[in-house]
Amino acid sequence: MHPERVLGDELMPVYEKVITGKRLEEADGRLLYRTPNLTGVGFLANIVRESLHGDRAYYVRNQHINYTNLCNKLCKFCSFYAKKGGPAPYTLTPEQVKQRLRQYLHVPITEVHIVGGIHPKLPFQYYLDVLQAVKEVRPDVHIKAFTAVEVVQIAEVAKMGYEDTLRVLKAAGLDSLPGGGLEIYSERVHQQLFPRKIGGDEWSEVARAAARVGLSQYATMLYGHIESVEERVEHLVRLRELQDETGHFLALTPLSFHPEGTELEHLPHPSGYDDLRNIAVSRLLLDNFPHIKSFWVMNTPAVTQVALWYGADDVDGTIHEYEIVYQDDSPGERHQVLTRQQMIDLILEAGRIPVERDSHYREVSSRLEERVLSGRI
Ligand code: SF4
């Protein structure tokens, strides 16, 4: 293989940095976003991806619970919150949370992912009761819950600082924080699209508090709306700096913006080309993040298969009941599921080795995967 044939003169300087383990700079990030040579960018990202994870592609068996769609933040990119002519309002009681969990008790789910809108009237006890409800039905499951925006709200009703609030939530069963809420660090985008919600500095403060109390966390980047290339690069570099400081982030998920049902419906949907580029550039700039995820619900299973050669090592989960992106006529009842077998087939067809993981990327059932690979089941 002659890398210069794929990379050309333009990307060879980045290749030299990648193979010698030198940290990429912001200018490299901008070049990787602007070059028409997406194949070259993917080639570079794949070098990093394979040096970290070989042919392994991770997935998790998880269930999502969105406890309320009432929200006072009114983000312009959001189709999830209850509004006139949009989704009908709902708030799950802790008992209803239990019912949701019991529906899938036959599935060996290892992670429950809980997020919701910012409902100003829910008391602190509600959040503790939701955690307790999960622990009652599934005592061994990992609970990934409450974005930094929700943590700010919970701290407000708890009348405590972020660190104390997180400590109490952890004692009640919280294991890690999901990545949402930040969207993109740019203050310009913050002011234009989600001014009622916390900005990047406060999001980072919650992340630091999470690290101090021993909670791991995930990160995201919402792209494909009004952000510029410079703002994408700034976002990734700021996350990298934060990770240098805390070391508690497990993965980044670049999230493709879906305009349907939002105030930005006039914007085009990001292309598969853009999805792959964001995954590849994230892999290359975030040299201190162990994992880059291609979230199949947003990117489609088809793009996710290709993404496994463009820097992604994780396809997220089987996902029972995800309600954030699309709404149908029965709010709270939408099911988007890939079975475990479909997940395995998707990864195998892409030429990678499926590995079921838990929320800390520990292997769950390698023996089973080996049997699948050898055709014995
Ligand atoms: S993105 Fe979150 S905070 Fe913003 S409106 Fe939607 S539910 Fe509320």
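Here the structure is a predicted model, which means the values were calculated and not measured. Atoms within each ligand, like the ligands themselves, are counted from 1 in listed order.
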[X] neighbourhood, listing ligand 1 atoms whose heavy-atom distance to it stays under 4.0 Å:
{"X": "Y81", "value": "5 (S)"}
{"X": "L74", "value": "5 (S)"}
{"X": "K73", "value": "3 (S)"}

Inset, instruction - Please write down residue, atom name and distance for the protein heavy atom closest to atom 8 (Fe) of ligand 1. - result: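 Checked against all protein heavy atoms, atom 8 (Fe) of ligand 1 sits closest to C71 SG, 2.2 Å.
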
Inset, instruction - Distance to 0.1 Å, residue and atom name: give those for the protein heavy atom nearest to atom 2 (Fe) of ligand 1. - result: K197 NZ, 4.3 Å

Region of [X] engaging ligand 1 - heavy atom pairs below 4.0 Å:
{"X": "N69", "value": "neither"}
{"X": "C75", "value": "both"}
{"X": "F194", "value": "neither"}

Inset, instruction - Verify, without hydrogens or angle tests, whether N299 (side chain) and G272 (backbone) share a donor-acceptor contact under 3.5 angstrom. - result: no

Inset, instruction - From the options H113, K144, E111, H142, select the one residue that forms a side chain to side chain donor-acceptor pair (under 3.5 Å) with S176. - result: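 For S176, the side chain to side chain donor-acceptor pair (under 3.5 Å) test succeeds with only one of H113, K144, E111, H142, which is H142.
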
Legend entry - Test applied, salt bridge (charged side-chain N to carboxylate O under 4.0 Å, His left out); reference residue, R188; option that passes from E231, E227, E234, E230: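 Testing each of E231, E227, E234, E230 against R188, the sole residue satisfying salt bridge (charged side-chain N to carboxylate O under 4.0 Å, His left out) is E231.
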
Legend entry - Backbone or side-chain N/O/S of C78 under 2.8 Å of atom 4 (Fe) of ligand 1: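 Given the 2.8 Å cut-off, C78 does not count as a ligand of atom 4 (Fe) of ligand 1.
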
Inset, instruction - Answer yes or no: does atom CD of E156 have more than 12 heavy-atom neighbours from other residues, nucleotides or ligands under 6.0 Å? - result: no

Legend entry - Aromatic ring proximity H53/Y58, centre distance under 6.0 Å: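 Aromatic pair counts; centres sit under 6.0 Å.
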
Inset, instruction - With side-chain hydrogen bond (donor to acceptor under 3.5 Å, both in side chains) as the test, would you mind laying out the steps for D358 and T110 before giving the verdict? - result: CA-CA 6 Å; D358 67 11; T110 59; over 6 Å; no

Inset, instruction - Please determine, by modelled atom types, if N72 and Y81 share a side-chain donor-acceptor pair under 3.5 angstrom. - result: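 Result is no, nothing qualifies.
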
Inset, instruction - Please state whether V149 comes within less than 4.0 angstrom of ligand 1, counting heavy atoms only. - result: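 The answer is no: ligand 1 sits nowhere under 4.0 Å from a heavy atom of V149.
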
